[in-house]
Colleague: 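Once you've had a glance at the structure underneath, I'll fire off some questions.
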Amino acid sequence: MRRQLIAIGILLVAMPGATLAQTKGKGIRLWNLTSETISGFQLAPSGKTDWGPNQCLNDKDKEVDHDERLRITGVEPGRYDAKVSYPNSRQCIVRDIEIKADAVFSIADKDLKDCTK
């Protein structure tokens, strides 16, 4: 009986740490699969142009390299358009991105539309 109580006590103490470990690192993230480094990434509800803040500012070097992931903050799950900016002043739009809670979404060169320089 004493061993069972000790085992239950250990499980109860360990559970909060396990829950914390499971949630650490989650959140909405962008995976840059374009062929270039992104210097600006702004979201607006699909079909609108009221762009939110530059999410690249969440990155330590303020840019998102090819194959790098970026934590997206202050955005609820839903459908969004994105304005993608590059260091060479090129800007493109990505339309109708589905963003889910605690998930990674990606953009690739084929997704870029209406590009300007």
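When a residue number appears, it is its place in the shown sequence, counting from 1. Just so it is clear, the values below take in all heavy atoms, side chains as well, and ignore hydrogens, waters and symmetry mates.
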Colleague: Could you walk me through whether R90 and L112 pass side chain to side chain contact (heavy atoms under 4.5 Å, CB included), step by step?
Modeller: CA-CA 11 Å; R90 179 176 172 228; L112 303 174; 4.0 Å; yes
Colleague: Do side-chain atoms of N32 reach the backbone of D65 as a donor and acceptor pair under 3.5 angstrom?
Modeller: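 Yes; at least one donor-acceptor contact below 3.5 Å.
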Colleague: Do L43 and D81 come within less than 4.5 Å of each other through their side chains, counting heavy atoms only?
Modeller: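 SC-SC contact between L43 and D81 ruled out.
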Colleague: With a 4.5 Å limit on heavy-atom distance, are the side chains of Q55 and L70 in contact?
Modeller: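 Answer yes - side chains close enough.
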Colleague: Is there a side-chain contact between Y86 and T37 (heavy atoms, below 4.5 Å)?
Modeller: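 No, side chains not in contact.
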Colleague: Check whether any side-chain N or O of H66 sits under 3.5 Å from a backbone N or O of T34 as a donor-acceptor pair, and report yes or no.
Modeller: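 The answer is yes, because a donor-acceptor pair under 3.5 Å joins these two groups.
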Colleague: Between R71 and N58, what is the shortest heavy-atom contact and its length?
Modeller: O-ND2, 3.1 Å
Colleague: Roughly how far, to the nearest 0.5 Å, is the CD1 atom of I99 from the OG atom of S46?
Modeller: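 Reported to 0.5 Å precision, the distance equals 9.0 Å.
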Colleague: I'd like to know whether CH2 of W31 has more than 12 heavy-atom contacts from other residues, nucleotides or ligands below 6.0 angstrom.
Modeller: no
Colleague: Is there a path of hydrophobic side-chain contacts, each under 4.5 Å between heavy atoms of I/L/V/M/F/W/Y residues, joining V75 to I38?
Modeller: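 Per the 4.5 Å side-chain linkage, I38 and V75 are co-clustered.
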Colleague: Would a 4.5 Å heavy-atom cut-off, applied to side chains only, mark D67 and L33 as touching?
Modeller: yes
Colleague: Output the distance between atom CG (D50) and atom CD (Q42), rounded to the nearest 0.5 Å.
Modeller: 11.0 Å
Colleague: Distance alone, cut at 3.5 Å: any donor-acceptor contact between the side chains of S85 and Q91?
Modeller: yes
Colleague: Check whether E63 reaches the backbone of C56 with its side chain - one donor and one acceptor, N or O, closer than 3.5 Å.
Modeller: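 Side chain of E63 to backbone of C56: no pair is present.
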Colleague: Does N54 reach the main-chain N or O of F41 with its side chain, forming a donor-acceptor pair under 3.5 Å?
Modeller: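 Here the side-chain-to-backbone pair exists.
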Colleague: Is the side chain of K113 donor-acceptor paired with the backbone N or O of K110 at a distance under 3.5 Å, no angle test?
Modeller: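 Checking the backbone N and O of K110 against the side chain of K113, a donor-acceptor pair under 3.5 Å is found.
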Colleague: Minimum heavy-atom separation for S39 to P87, with atom names?
Modeller: OG-N, 3.4 Å
Colleague: What's the shortest heavy-atom distance between A101 and I28, and which atoms?
Modeller: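 Closest pair (atom of A101, atom of I28, distance): CA-CG1, 4.4 Å.
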Colleague: Counting only N and O atoms by type, is there a donor-acceptor contact under 3.5 Å from the side chain of D114 to the main-chain atoms of I93?
Modeller: no
